[in-house]
Asker: 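Attaching a single structure in structure tokens format; questions to follow.
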Amino acid sequence: MNTALSKNFEHQSAEQKWYAHWLEKKYFHSTPDNRTPYTIVMPPPNVTGVLHMGHCLNNTIQDILIRRARSKGFNACWVPGTDHASIATEAKVVAMLREQGIAKSSLSREDFLSHAWDWKEKYGGIILQQLKKLGCSLDWDRTTFTMDPDYYESVIKVFVDLHKKGVIYRGKRMINWDVKALTALSDEEVIRKETRQKLYHIRYAIEGSDEGIVIATVRPETIMGDTAICVNPNDDRYKHLHGKFAFVPLINRRIPIIADEYVTMDFGTGALKVTPAHDTNDYQLGIKHQLEIVDVLNDDGTMSEAAQIYVGLDRFETRKKIAAELEEKGYLQKTEEYTSEVGFSERTDVVVEPRLSLQWWLNMKDIATPALKAVMEEEIQFFPPKFRNVYRHWMENIKDWCVSRQLWWGHRIPAWYDEQGNVTVAENEEKAIEKYLAEYGKKPERFKQDEDCLDTWFSSWLWPFEVFKGYSKPGNKEIQYYYPTNTLVTAPEIIFFWVARMIMAGEEYMKAIPFKEVYFTGIVRDKLGRKMSKSLGNSPDLLGLIDQYGADASRFGIMISSPAGNDILFDEAALEQGRNFNNKMWNALKLIHMWKERSTDLLVEPPFAVLWFEERLKQVSEEVEMMMTQFRLSEALKTIYSLIWDDFCSWYLEWVKPGYEQPLADNVYDFTVDYFTELMQLLHPFMPFITEEIYQQLENNREIDLCARQSKTATTSANQNILEQGQILKDIITGIRDVRNKQQIKPKETIQLFIQTETPELFNGLYDVIGKQVNASSIQLTENTVPGSFTTVIGKNTFYVVSEKPIDSSHQKAELEKELEYLKGFLNSVDKKLSNERFVQNAKAEIIELEKKKKNDAENKIRIIEESLGRM
RNA sequence: GGGAGCAUAGCUCAGUUGGUUCAGAGCAUCUGCCUUACAAGCAGAGGGUCCGCGGUUCGAGCCCGUGUGCUCCCA
């Protein structure tokens, strides 16, 4: 044993030492055996990612669950991995190439991908290394990447299969277009933000009339794409214009004025410009009224030839210019400030452009049905349960999923086109040709594969089973053992992106749910409640914090401020609290080491403290178990924290502490080490490093490391009598210390204590403890009042404190009177209740019993206080 | 516009099928202590119209209605 312990816990060396040791012992590696599995698949972070607060929270929670499962004898398996993140990664690679003076457009697909793979090998997956610093007990041998060869193949197979089933189709539809990344986005990849804009009122001339019609729009740059003006048929202002024509300003195109109830009469002017190419609702309106579609934008957001004017100019530049020109030429009636939601690309943060485009789609209707059922019937449980509603709402109104992306980095769509554009879907070119041959009776000419990739989520929805090769090697031993996984821990933001789709894929391909429980974490905010963001600069440097406070303190800090089902307000002060906690435990260890050195062969009857703490440990273990099953991790940690700091350090250790330089009885020492060990085990999932270190320091030559130790399960429940007695003891000590404080008796000054009680047996074996804790030179039972003393009533007992100092009884009297008043009021309310016939009739028997007991207790106490007051 | 949720101490939150020994915890605050494990600490204390109003009930922080304020999701 290391006899010279450092002043404080040295987290850096301990973290390194133990993580390396655990890896060496392969504690995190799991293989199927005859134990029950407990499996978590980590939500794969982007391969481009670096550790931020969200990951930290998320992975700490998973590690807590996994370590706890491991200690309870489950075969715990936590699978790491990364997501290829097509848009994010491609953007990074493009940026890197640009810095080197290489344009993506100058590269072939193959060359670009080779650069991308180089980038991935070099910079990808840093985040996994960072998770080691946090102490995550992941099975690294199972690390998976969504573009690993087997995984890639499975994604392609799934596409082909769904196409064969008729669920995947190709179609021209309105999509969200990212003008920077030059790709389609799914609805879920569009972030809506409140944006201040200008609402332009523009006058359109009417054919054969001097009259005009004024429309209101936030997008004047799209007027060249207008193919109608629409009014509400019930709008009296415009009834005479139905069927007439108007002219688009500046380009003078003739467009019809149509009527449709879709238009809101009291918004703007009640007249709507219809631009089917650039607005989803207008597009629907266009189909309904068979309007022409004029696309005035290029894919990069500049004006197209069809716009006729400002061709090649950026859409926002055009907006400014065209507004100016409209004003100059008298078309602009007025502009007003207007705030509405505008869609931004999740990845590039540019304003998303609704656009008509030929894409691949996945019809979600049928595939969603079993996935909805699984959650509604609680085959899969959501925590907090409020997310079931959100989920249901989305699933019941589900729309087709646009699965193609105009990117190179990702799973290339397995579709081939012949010269005429006929499409053939197959796993690879060979099979496609075969299929083509069978269908058309000839070999295809100029057969070309689709240039596009699949949406990233089209690969990650296979994650829970494909990490075990459940689709590429169906029915293998691992998938049978580990699937369905137990718990998914993830952010609520991706409930649709990912959670819902994993359930669909699981049901479709494994015929079983992918996980039994989903725990949604909160969003990490700063202490002012703002989201963490680069622009605000309020994201802390996580690795710096881990260096400074240690991984355990960081984990503590983030968990303690993370109430179940709520956002977490991150404050560095919480890490400080964690570090202080480390320090506290470390000092307890030092104290116990000192006792070890003074060891004799002394054995004693176990003192009350020992009996009490045993029960307390049982009690808290039960509480923690309950909280953990309900995912109340923050509360569980608080409970353990308080058990260690308050009950163990502040009470237990003080109660068993021997006098100055006195030895501690050997058996009491052993109990103490056992308790400390159990406490470390209980805390280990939350703070793995310090607990392992203390555990190893407590005793030489441990047979097994804490990381792999099985926790004891209590065979009996906690003894309530002993717990109650412990509580009374605490109350007495606190009460007398309060007297000392209020009387300004110096800590070093001793007192004499007299106890007046009807239950002297209550104090058996407690005199030493009480004397030590309140610094009393003597304690005696008394049947009479003690003159010149300060009186206090605690529970059913009266205590008389005698000190050198003159007693200030005015304060004391006031306090007793105050308490008497409260008690009388309380008694009154109980009496009233008990004399209320309807209460006695309606209330349950045990409630009435309780009330009677309250009455009795209150009366007793009142009597004692009145006696005390009478003698003063 | 549709849906979901929240409102309890200065801050962040607990509060189980309604039962005043039930209004709680942590942090923060205040007072006294460098007491031989720990000042990153010890001991003690103060602090709340449970958002407003109305209802159900013998009894409401908890149930119902309504108002106000905030958050999130979807269109």
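Numbers restart at 1 for each chain; the letters A, B, ... are given by sequence-line order, proteins then strands.
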Asker: If I take atom CZ in residue A:Phe387 and atom P in nucleotide B:rC74, what distance separates them, rounded to the nearest angstrom?
Answerer: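 One finds 12 Å between P of B:rC74 and CZ of A:Phe387, rounded.
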
Asker: Students often get this wrong, so: under 4.0 angstrom with heavy atoms, is A:Lys855 touching a base, only sugar-phosphate, or nothing?
Answerer: nothing

Asker: Select one nucleotide: of B:rG44, B:rC33, B:rU12, the one nearest the side-chain heavy atoms of A:Pro747.
Answerer: B:rC33

Asker: Strictly below 4.0 Å: does A:Tyr641 bring a side-chain N or O up to OP1 or OP2 of B:rC27?
Answerer: yes

Asker: In whole Å, what is the span from the NZ atom of A:Lys638 to the P atom of B:rC13?
Answerer: 9 Å

Asker: Rounded to whole angstroms, how far apart are CH2 on A:Trp651 and P on B:rA37?
Answerer: 18 Å

Asker: Write down the distance separating the C1' atoms in B:rU12 and B:rA28, rounded off to the nearest Å.
Answerer: 11 Å

Asker: Write down the distance separating the C1' atoms in B:rC22 and B:rG61, rounded off to the nearest Å.
Answerer: 10 Å

Asker: What are the two closest heavy atoms between A:Ala500 and A:Ala371, and how far apart are they?
Answerer: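 So the two residues come closest at O-CB, 4.5 Å.
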
Asker: May I ask you to verify if any side-chain N or O of A:Trp645 is less than 4.0 angstrom from the OP1 or OP2 atom of B:rC42?
Answerer: yes

Asker: B:rG26, OP1 or OP2 - any side-chain N/O from A:Ser642 closer than 4.0 Å?
Answerer: no

Asker: A:Asn580 side chain N/O closer than 4.0 Å to the phosphate oxygens (OP1, OP2) of B:rG41?
Answerer: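 For B:rG41, OP1 or OP2 has a side-chain N or O of A:Asn580 closer than 4.0 Å.
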
Asker: For A:Thr734 and B:rA43, is the shortest distance between a side-chain N/O and OP1 or OP2 below 4.0 Å?
Answerer: no

Asker: To the nearest Å, how far apart are A:Glu635 CD and B:rA14 P?
Answerer: 7 Å

Asker: Rounded to whole angstroms, how far apart are CZ on A:Phe520 and C1' on B:rC73?
Answerer: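 Between C1' of B:rC73 and CZ of A:Phe520: 13 Å.
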
Asker: From CD1 of A:Ile694 over to C1' of B:rC38, roughly how many Å is that when rounded to an integer?
Answerer: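 So the CD1-C1' distance, A:Ile694 to B:rC38, works out to 12 Å.
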
Asker: Nearest to the side chain of A:Gln577, which nucleotide is it out of B:rC27, B:rG44, B:rC38?
Answerer: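 Out of B:rC27, B:rG44, B:rC38, the nucleotide with an atom closest to A:Gln577's side chain is B:rC27.
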
Asker: If the plane angle is over 60° it's perpendicular, under 30° parallel, otherwise tilted; pick one for A:Tyr652 and A:Tyr675.
Answerer: perpendicular

Asker: How far does the C1' atom of B:rC38 sit from the matching atom of B:rU8, given to the nearest Å?
Answerer: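 It comes out at 35 Å once rounded to the nearest Å.
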
Asker: Rounding to an integer number of angstrom, what distance separates B:rC11 and B:rU29 when you compare their P atoms?
Answerer: 15 Å

Asker: Report yes if the distance between the aromatic ring centroids of A:Phe631 and A:Tyr519 is under 6.0 Å, otherwise no.
Answerer: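 Judged by ring-centre distance (under 6.0 Å), A:Phe631 and A:Tyr519 do meet the cut-off.
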
Asker: Should the pair A:Arg579-A:Glu572 be classified as a salt bridge under the 4.0 Å nitrogen-to-oxygen rule?
Answerer: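 Between A:Glu572 and A:Arg579 there is no salt bridge, as every charged N stays at least 4.0 Å from the carboxylate O atoms.
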
Asker: Report the residue (A:Asn741 or A:Phe581) whose heavy-atom-nearest nucleotide on RNA chain B is the more 5′ of the two.
Answerer: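 Here A:Phe581 is the residue nearer the 5' end.
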
Asker: For a quick check of understanding: with a heavy-atom distance under 4.0 Å over all strands, which category does A:Glu576 fall into, base, sugar-phosphate or nothing?
Answerer: nothing

Asker: For A:Asn397, which contact category applies under a 4.0 Å heavy-atom criterion: base, sugar-phosphate, or nothing?
Answerer: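 Counting heavy atoms under 4.0 Å across all strands, no contact is made by A:Asn397.
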
Asker: Can you tell which of B:rG44, B:rC73, B:rG15 lies closest to the side chain of A:Val390?
Answerer: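 Closest of the options to the side chain of A:Val390: B:rC73.
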
Asker: Sort out for me which residue in A:Met627, A:Lys638, A:Met626 forms a side-chain contact (heavy atoms from CB on, under 4.5 Å) with A:Arg632.
Answerer: A:Met627

Asker: Does A:Lys386 make a side-chain N or O approach to OP1 or OP2 of B:rC73 shorter than 4.0 Å?
Answerer: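 For B:rC73, neither OP1 nor OP2 has a side-chain N or O of A:Lys386 closer than 4.0 Å.
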
Asker: OP1 or OP2 of B:rA40 sitting under 4.0 Å from any side-chain N/O of A:Arg579?
Answerer: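 Checking B:rA40 against A:Arg579, no side-chain N or O comes under 4.0 Å of OP1 or OP2.
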
Asker: For A:Lys730 and for A:Ala588, locate the closest nucleotide of RNA chain B by heavy-atom distance; then report the residue assigned to the nucleotide nearer the 5' terminus.
Answerer: A:Ala588

Asker: CD1 of A:Ile690 versus C1' of B:rA37: gap in Å, rounded?
Answerer: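 One finds 14 Å between C1' of B:rA37 and CD1 of A:Ile690, rounded.
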
Asker: Remember a base hit wins even if backbone is also touched, and classify A:Lys7 as base, sugar-phosphate or nothing at under 4.0 Å, heavy atoms.
Answerer: nothing

Asker: So what is the 5' to 3' dot-bracket string for RNA chain B, if pairs are Watson-Crick or G-U wobble with both distances under 3.5 Å, crossing pairs use [ ] and | means the partner sits on another strand?
Answerer: (((((((..((((.....[....)))).(((((.......))))).....(((((..]....)))))))))))).

Asker: Take atom C1' in B:rU16 and the same atom in B:rC42, then report the distance between them in whole Å.
Answerer: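 Approximately 35 Å lies between the C1' atom of B:rU16 and that of B:rC42.
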
Asker: What's the gap between B:rG24 and B:rG15 when it is taken at their C1' atoms, as a whole Å value?
Answerer: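 Going atom to atom, C1' in each nucleotide, I get 7 Å.
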
Asker: Closest approach to the side chain of A:Asn389, judged atom by atom: which nucleotide of B:rA37, B:rG5, B:rC74 is it?
Answerer: B:rG5

Asker: Tell me which nucleotide among B:rC38, B:rC73, B:rA45 gets nearest to the side chain of A:Asn587.
Answerer: B:rC38

Asker: Quick one: does A:Glu654 reach the base of B:rA37 with a side-chain donor-acceptor pair under 3.5 Å?
Answerer: yes

Asker: Please confirm whether A:Phe686 and A:Phe556 have ring centers closer than 6.0 angstrom.
Answerer: no

Asker: Is the shortest side-chain N/O distance from A:Lys590 to OP1 or OP2 of B:rU36 below 4.0 Å?
Answerer: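 No, outside the criterion.
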
Asker: So which nucleotide from B:rC33, B:rA37, B:rG15 ends up closest to the side chain of A:Lys657?
Answerer: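 Looking only at heavy atoms from C-beta outward on A:Lys657, the closest nucleotide is B:rA37.
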
Asker: In whole angstrom, what separates A:Arg740's CZ from B:rA43's P?
Answerer: 14 Å

Asker: Mind telling me whether A:Trp655 and A:Trp651 have parallel, tilted or perpendicular rings, with 30° and 60° as the class edges?
Answerer: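 It falls in the tilted class, 30° to 60°.
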
Asker: Check each of A:Leu575, A:Ile546, A:Asn582 against A:Asp552 using the side-chain contact (heavy atoms from CB on, under 4.5 Å) test, and report the only one that passes.
Answerer: A:Asn582

Asker: Please work out whether the ring planes of A:Phe382 and A:Phe520 are parallel, tilted or perpendicular, with thresholds of 30° and 60°.
Answerer: perpendicular

Asker: Of A:Phe671, A:Tyr669, A:Trp595, A:Phe613, which meets side-chain contact (heavy atoms from CB on, under 4.5 Å) against A:Val656?
Answerer: A:Trp595

Asker: Using the C1' atom on both, measure B:rC74 against B:rG48 and round to a whole Å.
Answerer: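 Taking atom C1' in both B:rC74 and B:rG48, they lie 38 Å apart.
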
Asker: Taking B:rG19 as the reference, what is the distance to B:rC63 when you measure between their C1' atoms (whole Å, please)?
Answerer: 14 Å

